[in-house]
Participant: 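First, the structure itself, so that you have it in front of you.
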Amino acid sequence: TVQLKNSLGNFIDQSAGGGTVQYYSGAWRDFGVTTSGVVTKELLPNNYSFRMNYAFASLDKQQNVGTTSTVVFQTVNTTVQLKNSLGNFIDVGTVQYYSGAWRDFGVTTSGVVTKELLPNNYSFRMNYAFASLDKQQNVGTTSTVVFQTVNTTVQLKNSLGNFIDQSAGGGTVQYYSGAWRDFGTTTSGVVTKELLPNNYSFRM
């Protein structure tokens, strides 16, 4: 018996998708697909490597089924957080993870999005304010992935180094990320915006 459980120890039901299982004996052989988290197959009582394929990722486990006939794979509740420069949760960030290709992870709600994943090393991508940032992490070790923006400040000063006040008119600022995006208009020579810590072109 091969079981697929989530981080709470519950069997992963079909609405979350089944796990495709293989076992190694000279080559990787088909074992079956989990139904309500379980799949069974009659095997000789030997030591085998088992492979669980779930959510576009795979994990291997070796076990002697003559000694213990139930092989358990368990996912981790992977959490991706998006915080601003003050450490407060912000929205809206669209998250992907890489496993053979970029896969959909979800969209943050109140700065957080979660997904059950096999405990592997993944690259995560946060898309926010028309920009993206990648981070690699082993969720089997640390299951919370944190992305934090920086409070980006653009200043407009005159030749004496003084901020240009509103009587002289504000400066309209843009930043480039795929296209020219609105950053804001200076107030007393200053305008700020939370951005992912990337390299940008700014236009005053």
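Sequential numbering from 1 along the given sequence is applied to the chain's residues. Heavy atoms only: backbone and side chains are in, while hydrogens, waters and symmetry mates are out.
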Participant: Checking the side chain of Gln22 only, and the main-chain atoms of Trp28 only, is there a donor and an acceptor separated by less than 3.5 Å?
Facilitator: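 Absent.
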Participant: Do you know the tightest heavy-atom contact between Val191 and Phe183?
Facilitator: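 Residues Val191 and Phe183, closest heavy atoms: O-CE2, 3.6 Å.
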Participant: Which residues satisfy the ring pair (Phe, Tyr, Trp, His ring centres under 6.0 Å) test with Phe56, sequence neighbours excluded?
Facilitator: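 Per chain and number, Phe56 pairs via ring pair (Phe, Tyr, Trp, His ring centres under 6.0 Å) with no residue.
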Participant: Mind checking what makes ring pair (Phe, Tyr, Trp, His ring centres under 6.0 Å) contact with Tyr175, not counting sequence neighbours?
Facilitator: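 Residues passing ring pair (Phe, Tyr, Trp, His ring centres under 6.0 Å) with Tyr175: Tyr200.
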Participant: Let me confirm one number: the CZ-OG distance from Arg51 to Ser58, rounded to the nearest 0.5 Å.
Facilitator: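 Answer for the CZ-OG pair, Arg51 versus Ser58, is 5.0 Å.
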Participant: Looking only at heavy atoms, what is the nearest atom pair of Gly19 and Met52, with distance?
Facilitator: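 Reported closest heavy-atom pair: CA-SD, 3.7 Å.
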Participant: Side chains of Arg29 and Tyr24: does their closest heavy-atom pair fall under 4.5 Å?
Facilitator: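 Arg29 does not reach Tyr24 side chain to side chain.
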Participant: Would a single hydrophobic cluster contain both Phe50 and Leu59, if residues Ile, Leu, Val, Met, Phe, Trp and Tyr are joined by side-chain heavy-atom contacts under 4.5 Å?
Facilitator: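 Hydrophobic grouping puts Leu59 with Phe50.
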Participant: With sequence neighbours left out, what residues match Phe163 under ring pair (Phe, Tyr, Trp, His ring centres under 6.0 Å)?
Facilitator: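 Ring pair (Phe, Tyr, Trp, His ring centres under 6.0 Å) check on Phe163 returns nothing, list empty.
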Participant: Without swapping roles, check the side chain of Gln137 against the backbone of Thr144 for a donor-acceptor pair under 3.5 Å.
Facilitator: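 Between the backbone of Thr144 and the side chain of Gln137 there is a qualifying donor-acceptor contact (under 3.5 Å).
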Participant: If you round to the nearest 0.5 Å, how far is CD1 of Ile164 from NZ of Lys157?
Facilitator: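 Result: 11.0 Å between the selected atoms.
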Participant: Should Thr108 and Asp91 be marked as a side chain to side chain donor-acceptor pair (under 3.5 Å) after you check the CA-CA gap, both sets of side-chain angles, and the distance that decides it?
Facilitator: CA-CA 6 Å; Thr108 60; Asp91 284 324; 2.7 Å; yes
Participant: Apply side-chain hydrogen bond (donor to acceptor under 3.5 Å, both in side chains) to Asp165 and list each qualifying residue two or more places apart in sequence or on a separate chain.
Facilitator: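 With neighbours one apart ignored, the set is Ser167.
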Participant: Which residues pass the side-chain hydrogen bond (donor to acceptor under 3.5 Å, both in side chains) test with Thr186, sequence neighbours left out?
Facilitator: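 For Thr186 there are no side-chain hydrogen bond (donor to acceptor under 3.5 Å, both in side chains) partners, ignoring immediate neighbours.
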Participant: Is there a path from Val2 to Leu44 through hydrophobic residues (I, L, V, M, F, W, Y) whose side chains come within less than 4.5 Å of each other?
Facilitator: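 Yes, one cluster joins them.
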Participant: If you measure from CZ on Phe89 to CD on Gln81, what distance do you get to the nearest 0.5 Å?
Facilitator: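 Here the interatomic distance stands at 4.0 Å.
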Participant: What distance do Thr153 atom OG1 and Leu195 atom CG have between them, rounded to the nearest 0.5 Å?
Facilitator: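 Between atom OG1 of Thr153 and atom CG of Leu195 there are 10.0 Å.
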Participant: Give, for atom CG of Leu4 and atom OG1 of Thr75, the distance between the pair rounded to the nearest 0.5 Å.
Facilitator: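 One finds 6.5 Å between CG of Leu4 and OG1 of Thr75.
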Participant: Taking all non-hydrogen atoms of both residues, which atom of Met204 and which atom of Val154 are closest, and how far apart?
Facilitator: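 The pair with the smallest heavy-atom distance is CE-CG1, 3.7 Å.
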Participant: Checking the side chain of Gln74 only, and the main-chain atoms of Asn6 only, is there a donor and an acceptor separated by less than 3.5 Å?
Facilitator: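 Yes; at least one donor-acceptor contact below 3.5 Å.
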Participant: State yes or no: do Val92 and Val150 share one hydrophobic cluster built from I, L, V, M, F, W and Y residues joined by side-chain heavy-atom distances below 4.5 Å, directly or via other members?
Facilitator: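 Different clusters: Val92 never reaches Val150 through Ile, Leu, Val, Met, Phe, Trp or Tyr contacts under 4.5 Å.
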Participant: Output the distance between atom CG (Asn138) and atom OG (Ser143), rounded to the nearest 0.5 Å.
Facilitator: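 The CG atom of Asn138 sits 10.5 Å away from the OG atom of Ser143.
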Participant: Shortest non-hydrogen contact from Pro119 to Gly140?
Facilitator: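 Heavy-atom minimum between the residues: CB-CA, 3.6 Å.
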Participant: Got a donor-acceptor contact below 3.5 angstrom from the Lys61 side chain to the Val71 backbone?
Facilitator: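 No, the answer is negative, given that no donor and acceptor are paired below the 3.5 Å cut-off.
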Participant: Evaluate the criterion side chain to side chain donor-acceptor pair (under 3.5 Å) for residue pair Ser85 and Glu194; output intermediate values, then yes/no.
Facilitator: CA-CA 7 Å; Ser85 56; Glu194 294 282 336; 2.7 Å; yes
Participant: Tell me, with the steps shown, if Tyr128 and Ile90 meet side-chain contact (heavy atoms from CB on, under 4.5 Å).
Facilitator: CA-CA 10 Å; Tyr128 176 75; Ile90 57 173; 3.7 Å; yes
Participant: In sequence, state the C-alpha distance, the side-chain angles, and the governing distance for Val112 and Thr114, and then conclude on side-chain contact (heavy atoms from CB on, under 4.5 Å).
Facilitator: CA-CA 7 Å; Val112 178; Thr114 64; 4.2 Å; yes
Participant: By side chain to side chain contact (heavy atoms under 4.5 Å, CB included), which residues pair with Thr20, not counting sequence neighbours?
Facilitator: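 Only Val33, Asn53 meet the side chain to side chain contact (heavy atoms under 4.5 Å, CB included) criterion with Thr20.
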